[in-house]
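Worksheet: the structure to be examined is printed underneath.
Below, read A as the first sequence line, B as the second, and so on, with proteins coming before strands; counting in each chain starts at 1.
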Amino acid sequence: MNVKKVDLSRIKPYGDQMDDGAVQLSFTLPVSNGPRAREAARQLVNSMGFSEVQIVFSEDLSDDFTFFIVYGKTEKFVDYNSIKAIGVESPKMNMEQVDEYISTNIGHPIIVVGATIGTDAHTVGLDSILNMKGFHGDSGLERYRMFEVYNLGSQIAPTELAKKVREVNANVVLVSQVVTQRNIHIKHLTELVDVLEAEGLRDRVLLIAGGPRITHELAVELGYDAGFGAGTMPSDVASYIASEVAKKLL
Amino acid sequence: MNVKKVDLSRIKPYGDQMDDGAVQLSFTLPVSNGPRAREAARQLVNSMGFSEVQIVFSEDLSDDFTFFIVYGKTEKFVDYNSIKAIGVESPKMNMEQVDEYISTNIGHPIIVVGATIGTDAHTVGLDSILNMKGFHGDSGLERYRMFEVYNLGSQIAPTELAKKVREVNANVVLVSQVVTQRNIHIKHLTELVDVLEAEGLRDRVLLIAGGPRITHELAVELGYDAGFGAGTMPSDVASYIASEVAKKLL
Amino acid sequence: MNKRIPHLDLDENLVREARKLAKDVTDDVQRFIDVKSTTSVERTVVRLYGIDGIDAEDVPLPNVIVDDVKNGGGLDRGVAYWIANGCIAKSMMPQELAEAVGRREFSLMDLPPQNEGLVAEKIDEMTKSAIEHITEIRETRDRMLEELGDPPQPYLYVIVATGNIYEDVVQARAAVKEGADIVAVIRSTAQSLLDYVPYGATTEGYGGTYATQENFKIMRAALDEVQQEVGRYVRLTNYASGLCMPEITAMGALEGLDFLLNDSMYGILFRNINMIRTFVDQYTSRLISAYSHITINTGEDNYIKTSDPIDRAHTVTTSQLINEQFALKSYMKPEYMGIGHAFEIDPDVTNGLLYEIAHAMLTRELFPQATPKYMPPTRHMTGNIFKGYAMNSLYNLVSIMTGQSIQLLGMLTEAIHTPFLQDRYLAISNAKYVFNNAKDIGNEIVFKSDGFIQKRANEVLENAVKLLEHVKAVGLISAIEEGTFGDISRKRDEGKGGDGVFTKGEDYYNPILEAIIEELRGESV
Amino acid sequence: MNKRIPHLDLDENLVREARKLAKDVTDDVQRFIDVKSTTSVERTVVRLYGIDGIDAEDVPLPNVIVDDVKNGGGLDRGVAYWIANGCIAKSMMPQELAEAVGRREFSLMDLPPQNEGLVAEKIDEMTKSAIEHITEIRETRDRMLEELGDPPQPYLYVIVATGNIYEDVVQARAAVKEGADIVAVIRSTAQSLLDYVPYGATTEGYGGTYATQENFKIMRAALDEVQQEVGRYVRLTNYASGLCMPEITAMGALEGLDFLLNDSMYGILFRNINMIRTFVDQYTSRLISAYSHITINTGEDNYIKTSDPIDRAHTVTTSQLINEQFALKSYMKPEYMGIGHAFEIDPDVTNGLLYEIAHAMLTRELFPQATPKYMPPTRHMTGNIFKGYAMNSLYNLVSIMTGQSIQLLGMLTEAIHTPFLQDRYLAISNAKYVFNNAKDIGNEIVFKSDGFIQKRANEVLENAVKLLEHVKAVGLISAIEEGTFGDISRKRDEGKGGDGVFTKGEDYYNPILEAIIEELRGESV
Ligand code: B12
Ligand code: B12
Ligand SMILES: Cc1ncc(COP(=O)(O)O)c(C=O)c1O
Ligand SMILES: Cc1ncc(COP(=O)(O)O)c(C=O)c1O
């Protein structure tokens with residue numbers, strides 16, 4: 001066929017033909033609108049490695065700012081062959097399979113403590129993972145035979161969480177962070193690791209973070225065992241916990 | 001005031017605070033959706049000089065493509081002080097002033113030939129500049145006392161246009177190009193310059209291009225005297241013509 | 001069709017009067033049409049006789065044949081006779097014959113006239129096989145549609161316009177998987193003024209891909225494949241209007257197209273094509289469409305791209321009624337009439353949405369059995385893609401509220417480029433969201449009687465009647481000269497392609513059209 | 001207010017019954033409220049007496065004073081007495097007195113009781129001056145509003161949430177220039193659980209900027225400036241609900257705020273604040289709001305962020321009616337009631353828009369004199385900013401169709417971050433487009449009688465009545481324990497800030513509230 005095929009060793013954005021590199025951008029610059037502002041926007045986008053930069057829209061936001069919508073063609077590409085999916089790796093099981101797996105490989109229920117820590121009061125995400133009801137038809141950990149769940153709710157101080165871990169002898173700690181403005185989640189998540197380490201609990205638990213802006217990569221960087229982002233299903237988390245706790249026991 | 005002021009020597013995008021560098025992007029990659037695709041998108045945006053890259057949305061477009069919406073913080077900046085507005089430079093006059101100016105400085109009406117050339121059939125833009133009615137309340141060149149206008153309409157071959165130029169002894173040629181797909185406008189505009197040069201007409205006329213994706217810069221690069229883009233007012237063009245034709249006469 | 005709520009209390013007498021006037025106007029034009037043919041009509045005959053291919057200079061064989069006959073002065077008899085005569089004289093199949101003529105081995109006009117009975121038999125045989133062929137294709141399509149199921153209306157209609165048919169296929173497949181019901185392959189900007197149809201698969205075009213028979217075949221095959229995957233029938237659209245209107249329709253009939261852009265006046269107004277050429281061509285084009293169950297899409301949306309959508313709303317209505325009458329003259333069933341209109345009012349107009357609702361509702365109610373084609377905002381789209389997306393949301397809402405049939409999806413990048421893959425995805429998901437989220441809104445709300453919407457719709461209809469009275473008085477041709485539609489004036493003797501029009505001779509014979517007309521007439525009784 | 005079209009044919013008896021039940025439910029709670037006060041209520045008194053500032057450990061002086069009295073065991077008498085007594089004993093102005101106590105020079109409780117007559121006189125004098133002060137501020141605001149003109153409804157309401165009040169000012173100015181009518185400064189995530197109000201201008205917060213009196217002043221001054229430039233009155237909003245509900249209201253009264261988020265149950269449900277604390281605090285808070293013409297915004301939108309917006313729609317209605325009754329107990333005029341509701345149905349629900357219209361219309365018609373606050377889609381917003389923009393377009397359409405008053409603008413980046421400058425611009429331009437383009441749609445369409453919308457609205461109302469009957473039977477407190485609202489259950493004795501509640505002593509005296517009540521009662525007769 002007379003059409004360019006994808007070259008996975010150097011993939012580029014596709015607008016209306018392979019490798020045209022078409023990208024849409026929008027941003028605001030702190031200058032007032034006009035030809036000079038548009039030229040600044042063009043240069044900025046050029047400096048990101050774009051050619052054929054088109055400023056398709058510019059509009060004053062009050063006197064001191066201008067909003068731009070821009071299309072351009074990037075010269076950058078990515079070698080897709082060399083990319084490894086960064087994410088939690090675990091066999092994907094459903095509820096019955098997880099329960100079965102835990103029974104067989106661990107032999108007793110896994111004790112889970114969950115909380116939204118720091119000043120964060122968003123519980124819907126964590127509840128979706130823990131509550132019976134679950135998420136989009138996938139049951140939460142409470143409904144699993146082989147999980148014993150303590151959901152502490154929101155705005156929990158790290159020390160309080162640590163206390164509970166000790167009290168119930170938890171195997172797994174699940175923390176949720178939804179508010180990320182000014183990187184508050186990083187602050188909270190780091191605090192928790194510090195507290196768990198200080199109290200000698202870090203190595204005794206599987207430590208998992210979650211939230212819409214959490215990636216596995218970030219979580220690992222902050223000293224967690226895993227991170228789960230937007231759209232996570234309870235069974236994803238359950239499968240991961242089951243296989244990791246089993247590994248730890250080996 | 002306890003708030004960062006703009007530093008014009010290095011302006012950056014403003015999301016919700018000065019110099020945060022926040023930019024929104026969207027594009028499609030020719031791979032199917034999943035953690036690997038998202039990682040590829042992230043690396044691509046990273047390679048453009050962004051940090052804190054967030055893939056906020058990814059969705060399959062059939063099996064072979066994925067659409068991404070991304071936010072990131074650019075590390076690039078622009079020295080605003082060094083930017084000169086690239087654009088047509090001419091005193092801005094209204095209809096009466098232009099007519100007056102031509103009477104005084106040129107002494108006879110300026111003869112203008114306009115057309116949409118090549119395969120382009122979009123006439124609304126050119127008509128906005130030439131027809132009596134004009135654009136957003138600004139009268140078109142036909143209404144000026146000191147312009148004599150020949151509007152040839154659309155899909156005019158360069159040779160036909162050249163013929164008319166010779167026939168009416170035109171001072172100014174106005175060409176419109178709206179369709180830009182696969183750079184067809186560049187092809188058309190270049191053809192016209194070649195024809196005018198071959199016929200020895202290029203130096204006798206002020207040659208102006210216009211259209212929503214035309215910039216002054218591009219027009220000059222292609223051998224035109226000026227280029228006018230989206231939102232051009234007839235009086236902008238009239239002022240420019242008047243002052244340039246007057247200059248030519250000196 | 002059960003009476004929808006909301007509805008307009010249109011004055012039934014006025015509606016009847018409008019139709020009567022439009023009929024009178026078109027009757028007048030049809031008298032011209034009936035005595036003329038065009039080179040394009042003749043090439044259509046050639047094509048339906050199975051002649052295809054190009055000569056050494058890339059000239060399509062249908063052109064070679066018709067030019068040959070024309071140069072020899074025999075065209076007023078119709079090309080069918082000459083082909084049959086040639087086949088007998090040379091003992092060749094039509095395609096062999098055309099290839100030989102293409103190689104300049106001989107001219108059809110130099111061949112001696114053969115036995116009249118044999119020639120007549122040959123014509124009948126060729127015509128029968130031509131008709132059988134397109135009938136079979138039509139039936140296959142009708143069957144597929146039935147088997148796979150007709151998706152609910154409004155149909156989601158998207159365009160592909162890369163210039164490369166293979167790239168178009170990639171994008172069409174993606175669009176169908178995302179939910180598109182109709183794929184239109186936009187033609188290259190230059191094509192409608194070509195007095196021939198390019199040949200073969202093409203990979204270069206500007207603002208669109210050439211309409212060629214091979215391209216039709218490639219896309220239809222791709223859609224046939226993907227429609228099995230998605231389990232719903234996917235319609236294919238291309239463009240007829242232009243200098244090759246009936247030929248392209250024949251190609252559509254041969255390749256199983258479902259929709260063709262086909263307007264009785266578009267070529268005149270927007271492509272400066274000669275009036276008589278267009279009127280004659282559209283008639284043949286529509287006969288074939290009617291026969292082949294190809295839905296036509298008229299082009300009234302274009303008027304309000306160049307003239308004011310509020311002040312000139314009645315010109316849209318007037319033209320819709322004229323298009324309807326021309327279609328009826330080609331024995332077209334209302335369900336195959338994709339009557340065009342558009343959402344083009346400046347978004348800054350206060351209560352613009354109420355006007356849009358009134359206008360859209362008027363089209364819906366004036367043509368209750370038709371399949372209206374609703375066009376999205378284009379002229380007031382800007383580089384602000386977000387604003388554009390909001391406009392498209394309201395456009396989709398008006399459509400589901402007023403019960404439109406074909407929804408040409410608005411692209412958020414309308415003012416910028418022909419659609420990117422992602423633009424089409426966003427358009428489809430916008431329409432799906434709005435159509436589902438507001439599914440039954442049309443059965444839920446009633447327009448206040450004597451409210452703005454009711455009054456406005458009746459006002460537009462009244463103005464259309466007034467305009468039709470005027471058009472009837474001066475004649476359609478003069479009305480076009482006056483710039484009635486789209487604020488564009490075209491003169492009767494000017495325009496491209498006028499040299500292709502000729503008056504039928506006494507012995508003119510177009511067996512294919514006659515056969516089609518006979519069948520359609522039979523059906524319609 | 002003239003009866004709008006479309007309207008719902010609500011069962012008038014049911015409406016009356018619903019109101020009666022809600023009154024009964026709140027009468028029951030009011031009995032508790034009347035005999036209690038809280039540390040926050042007392043700090044409110046301190047603030048209104050003009051005491052402000054912090055001690056060496058950054059503890060706000062109102063806290064210092066109230067803690068001093070509380071620790072000395074005198075709080076059941078009310079703080080007013082102790083301040084007056086202290087002023088006389090020390091011959092100090094209240095502020096001087098507070099500063100001295102802040103320096104731990106003495107405790108108010110250690111000062112000998114002064115001549116009763118003198119103390120009473122002092123109290124009267126301080127109270128009079130406090131009331132005069134907030135009256136003057138109220139009048140200035142009312143005058144400005146009159147002079148600059150009240151913009152048309154729905155008001156465009158945007159938030160700023162940078163964490164830095166000066167950055168907030170930059171963004172608020174930009175928003176006003178683009179057309180915002182109301183600017184809300186969102187509080188830092190941690191603040192509502194602080195049992196004190198931070199002091200001074202602040203430049204750091206998370207997900208919002210601290211509500212401090214100085215921040216109020218800075219923003220109000222900025223808006224006062226820009227409103228002159230744009231020539232229309234711009235309203236300022238902040239948040240009262242939380243552990244310092246009445247104090248923040250006092251600050252709002254002192255700084256000329258126009259709106260305060262103030263819900264009789266939000267703190268209980270969403271911040272796990274002690275029930276009695278919240279009920280008592282909201283009463284004082286609303287008295288001050290009513291007096292100062294501060295519009296309250298209730299928080300029913302939150303319920304359908306955690307529970308299903310269709311199944312639990314009647315809990316929104318129930319809570320609205322309860323909020324209304326509590327407001328009436330504070331002598332609040334309906335026009336100052338910003339009754340909350342929201343557009344939160346999953347966009348994938350078939351006919352979800354019809355539900356939204358029914359629910360929005362129900363709020364509008366149940367509270368015809370109120371100023372409903374309509375909240376945008378949030379929970380079903382995703383990283384697909386385009387989809388979000390389409391949802392916001394329909395949200396804006398429902399608002400203009402159903403005649404809402406306060407339009408909290410939806411942000412296309414709702415699922416991503418607190419608004420960027422450009423997000424706010426896009427939100428404002430979306431609303432302006434839809435409100436203007438569909439301006440009179442509310443007067444143009446009628447809902448089919450016995451149609452889905454009509455039936456649905458009545459169904460929600462019926463369910464609300466049923467729920468109110470139950471709540472009346474078990475009492476509001478037990479109903480909350482049962483998880484009636486937002487699927488959240490809170491226990492009567494638990495929750496934060498319960499230790500700040502105390503039973504008024506026999507000699508309890510709150511001269512400020514008494515003065516306010518007296519005036520409001522006078523007005524309302
Ligand atoms: C509902 C909501 C609220 C409710 C919360 C009710 C509750 N009990 O949770 C209320 C109204 C109380 C609220 C308040 C605030 N909110 Co809020 N809220 C939202 C909203 C609309 C939806 C969040 C939600 O429920 N999503 C649905 C769940 C299912 O998705 P999820 O959280 O992503 O969870 C999934 C995954 O991430 C993952 N996951 C999540 N946690 C965990 C944990 C583990 C261990 C694992 C394995 C997985 C996992 O699994 C889940 C299922 O797939 C979002 C906007 C949006 N549309 O996202 C804003 C949003 C999160 N809120 C925001 C803010 C700023 C606030 C406030 C601070 C505003 C204010 N100043 O008043 C307050 C204060 C709250 C506080 N102290 O934290 C911002 C955060 C901005 C940022 N990026 O920092 C958002 C994005 C809105 C915005 N654009 O401004 N909010
Ligand atoms: C109206 C319209 C049409 C009408 C044109 C009618 C007519 N007589 O002009 C019709 C329906 C015929 C049409 C057809 C096509 N169109 Co068209 N059309 C548009 C549309 C909706 C509006 C254009 C317009 O009128 N703008 C208003 C005028 C006032 O603005 P303007 O042109 O920018 O002009 C201003 C300035 O640019 C400047 N200016 C312009 N010219 C000149 C010249 C001079 C000398 C000066 C000084 C200034 C100047 O001054 C003007 C006033 O400020 C645009 C989409 C859009 N919203 O922009 C698509 C658009 C331009 N069309 C497009 C296409 C592809 C086509 C077709 C090729 C599609 C097809 N295959 O069928 C056809 C073929 C046309 C052809 N052969 O060229 C594409 C072009 C894509 C691209 N970037 O290449 C667009 C962008 C739509 C899209 N997204 O696909 N179109
Ligand atoms: C009826 C009709 N035919 C044809 C076309 C397109 O034709 P062209 O290929 O000439 O642009 C249109 C354009 O919108 C149309 O409305
Ligand atoms: C009534 C009410 N009060 C207060 C708030 C916010 O309070 P906080 O600062 O506790 O997040 C909300 C949030 O939406 C609310 O609805």
Side-chain angles (χ1 to χ4, degrees), chain A residues 1-8 11-29 32-35 37-42 44-45 50-62 65-78 80 136 230-231, chain C residues 158-175 185-186 200-210 212 214-215 217-219 221-222 225 348 380-391 411-427:
Chain A
M1 279 222 308
N2 211 326
V3 60
K4 200 170 163 191
K5 287 258 176 55
V6 58
D7 172 359
L8 289 179
I11 60 167
K12 287 182 79 172
Y14 180 112
D16 73 346
Q17 58 183 343
M18 192 59 76
D19 292 341
D20 58 19
V23 174
Q24 173 269 326
L25 301 93
S26 77
F27 53 83
T28 301
L29 288 180
S32 64
N33 198 2
R38 278 190 294 274
E39 177 57 17
R42 202 186 57 73
L44 182 73
V45 177
F50 284 90
S51 61
E52 297 188 36
V53 174
Q54 292 181 37
I55 310 293
V56 297
F57 182 71
S58 68
E59 176 86 3
D60 269 320
L61 312 186
S62 82
F65 297 94
T66 305
F67 174 52
F68 298 94
I69 300 176
V70 181
Y71 280 80
K73 308 207 153 173
T74 184
E75 286 143 15
K76 311 285 179 186
F77 56 86
V78 168
Y80 198 63
H136 286 302
Chain C
V158 297
I159 64 167
V160 293
T162 68
N164 178 338
I165 188 65
Y166 301 105
E167 199 85 55
D168 284 345
V169 162
V170 170
Q171 300 188 16
R173 281 183 56 87
V185 182
I186 303 294
T202 65
T203 56
E204 230 177 58
Y206 297 98
T209 305
Y210 286 99
T212 73
E214 184 62 20
N215 287 350
K217 195 192 292 288
I218 290 168
M219 184 57 87
E225 196 187 300
D348 290 343
H380 292 290
M381 295 291 281
T382 65
N384 186 346
I385 55 176
F386 298 100
K387 171 93 179 261
Y389 207 64
M391 288 164 62
M411 294 291 143
L412 78 172
T413 52
E414 169 62 29
I416 307 168
H417 47 236
T418 48
F420 284 179
L421 207 62
Q422 66 207 46
D423 301 341
R424 228 177 268 113
Y425 156 74
L426 289 170

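The structure places NZ of K4(A) at 12.5 Å from CG of N164(C), a figure rounded to the nearest 0.5 Å. Here T382(C) contributes atom OG1 and F57(A) contributes atom CZ; the two are 5.5 Å apart, rounded to the nearest 0.5 Å. To the nearest 0.5 angstrom, L421(C) atom CG is 6.0 Å from Y14(A) atom OH. Residue T418(C) holds its OG1 atom at 5.0 Å from CG of D16(A), rounded to the nearest 0.5 Å.
The number of heavy atoms from other shown groups lying within 6.0 Å of CD (E204(C)) does not exceed 12.
Under a 3.5 Å cut-off, the side chain of Q17(A) and the backbone N or O of E167(C) do not form any donor-acceptor pair.
Among all heavy-atom pairs drawn from A22(A) and F420(C), the shortest one is CB-CE1, 3.4 Å. Among all heavy-atom pairs drawn from I416(C) and Q54(A), the shortest one is CG2-OE1, 4.0 Å.
Ranked by heavy-atom pairs under 4.5 Å with chain A, the first of R424(C), H417(C), Q422(C) is H417(C).
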